[in-house]
Amino acid sequence: LARWQQLVCNDDLATMLGPILSSIFDGAAPDDCQALLPLLADLSAGCWPRAALGDFAVDWQGLAESAMAILRIAVGSCVSEGNEDSSTEVADAEAAFAVWGRFAVTVQEGTQAAAATLDNMLEEDDDSGRIRPEKRSRMREEKNWRASPEQIAQCEALPQLFVGFSAVLLEMMKMPLDPIDIEALRVLWKLRAAAEAALGAWARLLGKTQNWMEIAFAPLQQVCLVVSALGEDDFLGDEVWRDVEVALWLSACLARSARSEDNAAQAPASAVLELQIAMDLAPEPWKTWVCAAASSLAGSAVGDLCTRLIVWMLERPPSASFAPEYMELTELPYAESLAQLCSQLPAGSAHIALGERLATLAFAERPSVAMHEQTVKAQSFMLRAMRHAMGGDAALLCNGLSQGVLPPLCKAVEAEAQSASHESEPQWFATRILFATLQAALPPVESPSMDPLHPALVLWKEHWSYVEAALMQWPQSPETEQPAVAAIEAITAAAQALPLCLPDVVSLLARSAAKHEMPDLELNALRAVSNGVRCPPMNAGQSADVVAGAISSAVEAELAQQGELLESPSTLAAFFQLLSDAVRPSPLGTAGVGPCADHLRPKMLERCALMGRCLALVPLGLQDCTSESATASMLRFMGNLVGNEEKLPKNAPHRAFLVAMLPELCASLCHALATLQHLTALDEGLVAAAELLLRLANALPEELPAALSAGIGQSHVSAWSGGQLQKDIGN
């Protein structure tokens, strides 16, 4: 009943649903939390938000109270003492937070049409038993609900709900009573990540309403008043610091999600400077935690306030905390905020002093206990902040990196490479930082450079041997696939920002793909690079030649180990996704939208023998395929190969092998439609199958009927079902 979205029966549905919900939630016990979450999730996607806006007659306040009670129970079970394995409880808490996020999204974007059709539920029909087209159309229009901006702005229930939700967060998301228990802190950080997603949805929903600032940041204003009223000799207990820290965290989540260029948006971030004296006087560990939360809030600033907050943050880095092992919780958010603030600095003017301090911070030596999974990602954001601080002066940035940063970093990489062969799980920290540094030197993607003397291009050429070694020589980590992941991410970015790198990038990716048994990384990167070629500034024909050669080389290597390819669903999906995009035509009525401005497709189709071999692989791969992604990519490849022309010309280079293989392709397609469970849902696989059949009907109208009839016969479906399919395609 909660999933029913047919608006024409609101009154009847509310009459049925209201008493049932009251009975369920009134009689629920704390142990029922997990069982009630799916019901709350369905209510938050329709009935509950509609009721809050006055469009559905159920008790929205009662539902809100139940949702808050369940949230308290779910979060409380995660942070309770003695709970050593909290994975299940964390999942329940994440689901409870998602209920609130889904409510806000539903109010803003409307209900989604139900997946199941309601055709067989309607009583009104014509003499043939079918729904009249006008009735079906009207039903679809009525099935979706969406609140108007005026309704949202005038709704008094929404602010009330947000205040209640935020009150629960301020209560349940406080730091643990023992603020140095690393396991308890890790659980709290997971919960806060889920809560932040829900808060972001509410900020986007209410961020432009009249009273948003007053409602959202009232807790922050309250702690500012409490702290500012105290003298230097006044002592603040742990409870006060817990309140300050959680208020800063909540405000940071809301301010980042509702960031705008309005002056009002600076108000929350300005509280950081208002509280700085008190935070500096705070005892450890509270100084670390409140400064970390304040840094996240600082990252929401815009305008003139940014420079002051950058200086404030640089004076309080996570490395200065009371214990370096806690950097796993504080360093990445700190670096993200710094990068965001530095992106607000005026373009065209270099802030050399800031850049030097950022470089020192990014490459500072640290003890082993300060290394964590997000270390390299945090340093990448530091480098991004440094690039912004340099104001776009590529020569200044690259010269500084070349002289001061890269020489010792390269020595560390070489030492790392020598020891990696003796390690079961090499971490490749220095190597990943090297590639992040090279990536930070690139010009902005939106302003690619074709200058053969661009400082970044010179820098990349000087260090290209390290990229080649990472993909062709050095051992990869079995768990993380480093350093290949970092190298591929860097060269993919380089191909877009420095298009003159394109030949070297695609050639290296093709060679690396041929070297590895399951080159998912390389195939996906080749696809991303080929789709990202910009013409102009690159010459479309020349770029297509280069890319087609690299793709063909990689494809040949995979076809040479066909058995291993068919046994790896992820590699099979990457293989056909690459091919599908390589032969993708522009949509009808457009031109130049395909890869390399439509020049890559003909270059690939010219390779008739290779394309024929790839097409011949489809029936083998499609048979009993359990991977939705691989199935969809194979079907999409065939559809793009056929193209979207009305009728395939007799002289089309791919027509001959298409016609020759059409009976086998139809047989494998019909078998897949009849036997693969994941092709029974209306998702990308079934859509790709439908598009393929329609494109074949257009391109090969004389050849398809006989081939399809034979395929239907081989798939052993009923005569009626097969006849219906042929009728639909022929219509």
Donor-acceptor contacts under 3.5 Å from residues 23-33 side chains, at least two apart:
unit_1, atom_1, unit_2, atom_2, d
Asp32, OD2, Ala29, N, 2.8

Which pairs would a plain distance check flag for residues 161-179, meaning a side-chain donor or acceptor within less than 3.5 Å of a matching protein atom at least two apart in sequence or in another chain?
unit_1, atom_1, unit_2, atom_2, d
Ser166, OG, Phe162, O, 3.0
Ser166, OG, Val163, O, 3.0
Glu171, OE1, Arg72, NE, 3.1
Glu171, OE1, Arg72, NH2, 3.3
Lys174, NZ, Asp243, OD1, 2.8
Asp178, OD1, Ile180, N, 3.4

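Looking at every heavy atom in both residues, Leu341 comes nearest to Ala301 through CD2-CB, 4.0 Å.
Between Ser22 and Asp59, every side-chain heavy-atom pair lies at or beyond the 4.5 Å cut-off. Side chains of Glu628 and Glu684 form no contact here, defined as non-hydrogen atoms less than 4.5 Å apart. Counting only heavy atoms from C-beta outward, the side chains of Trp289 and Leu329 approach each other to under 4.5 Å.
Remark: Leu21 CG to Leu39 CG distance equals 6.0 Å, nearest 0.5 Å. Separating the NZ atom in Lys287 from the CG atom in Asp280 is a distance of 5.0 Å, to the nearest 0.5 Å. Put simply, SG on Cys9 and CE on Met16 are 9.5 Å apart, with the number rounded to the nearest 0.5 Å. Rounded to the nearest 0.5 Å, atoms CG (Leu13) and CZ (Arg50) are 7.0 Å apart. The distance from atom CD of Gln374 to atom OG of Ser380, rounded to the nearest 0.5 Å, is 10.5 Å.
Checking side-chain atoms of Arg316 against main-chain N and O of Trp312 turns up a donor-acceptor pair under 3.5 Å. Formation of a donor-acceptor pair under 3.5 Å by the Ser337 side chain with backbone atoms of Ser295 is found in this model.
For the side chain to side chain contact (heavy atoms under 4.5 Å, CB included) test, residues two or more places apart in sequence or in another chain that qualify with Glu479 are Glu425, Ser477.
The ring-ring contact (aromatic ring centres under 6.0 Å, His included) test with Trp48 is passed by exactly one of Trp60, Phe56, Phe103: Phe103.
The number of heavy-atom neighbours closer than 6.0 Å to CD of Glu373, taken from other residues, nucleotides and ligands shown, is 12 or below. Atom CD of Gln222 is surrounded by 12 or fewer heavy atoms from other residues, nucleotides or ligands within 6.0 Å. When the shell of 6.0 Å around CD of Gln34 is examined, it contains 12 or fewer heavy atoms from other residues, nucleotides or ligands.
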Report the C-alpha distance between Arg186 and Glu183 in whole Å, list the side-chain angles of each, state the deciding distance to 0.1 Å, and finish with yes or no for salt bridge (Lys or Arg N to Asp or Glu O under 4.0 Å).
CA-CA 5 Å; Arg186 286 170 178 157; Glu183 291 302 326; 2.6 Å; yes
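Gln577 and Ser629 share a donor-acceptor pair across their side chains, judged by distance under 3.5 Å alone.
Between Trp202 and Trp100, the ring-plane angle classifies as tilted under the 30° and 60° cut-offs.
The existence of a salt bridge linking Glu245 and Arg192 is confirmed by a sub-4.0 Å separation between a basic side-chain nitrogen and an acidic carboxylate oxygen. Arg242 and Glu239 are joined by a salt bridge, as a carboxylate oxygen and a charged side-chain nitrogen come within less than 4.0 angstrom of each other.
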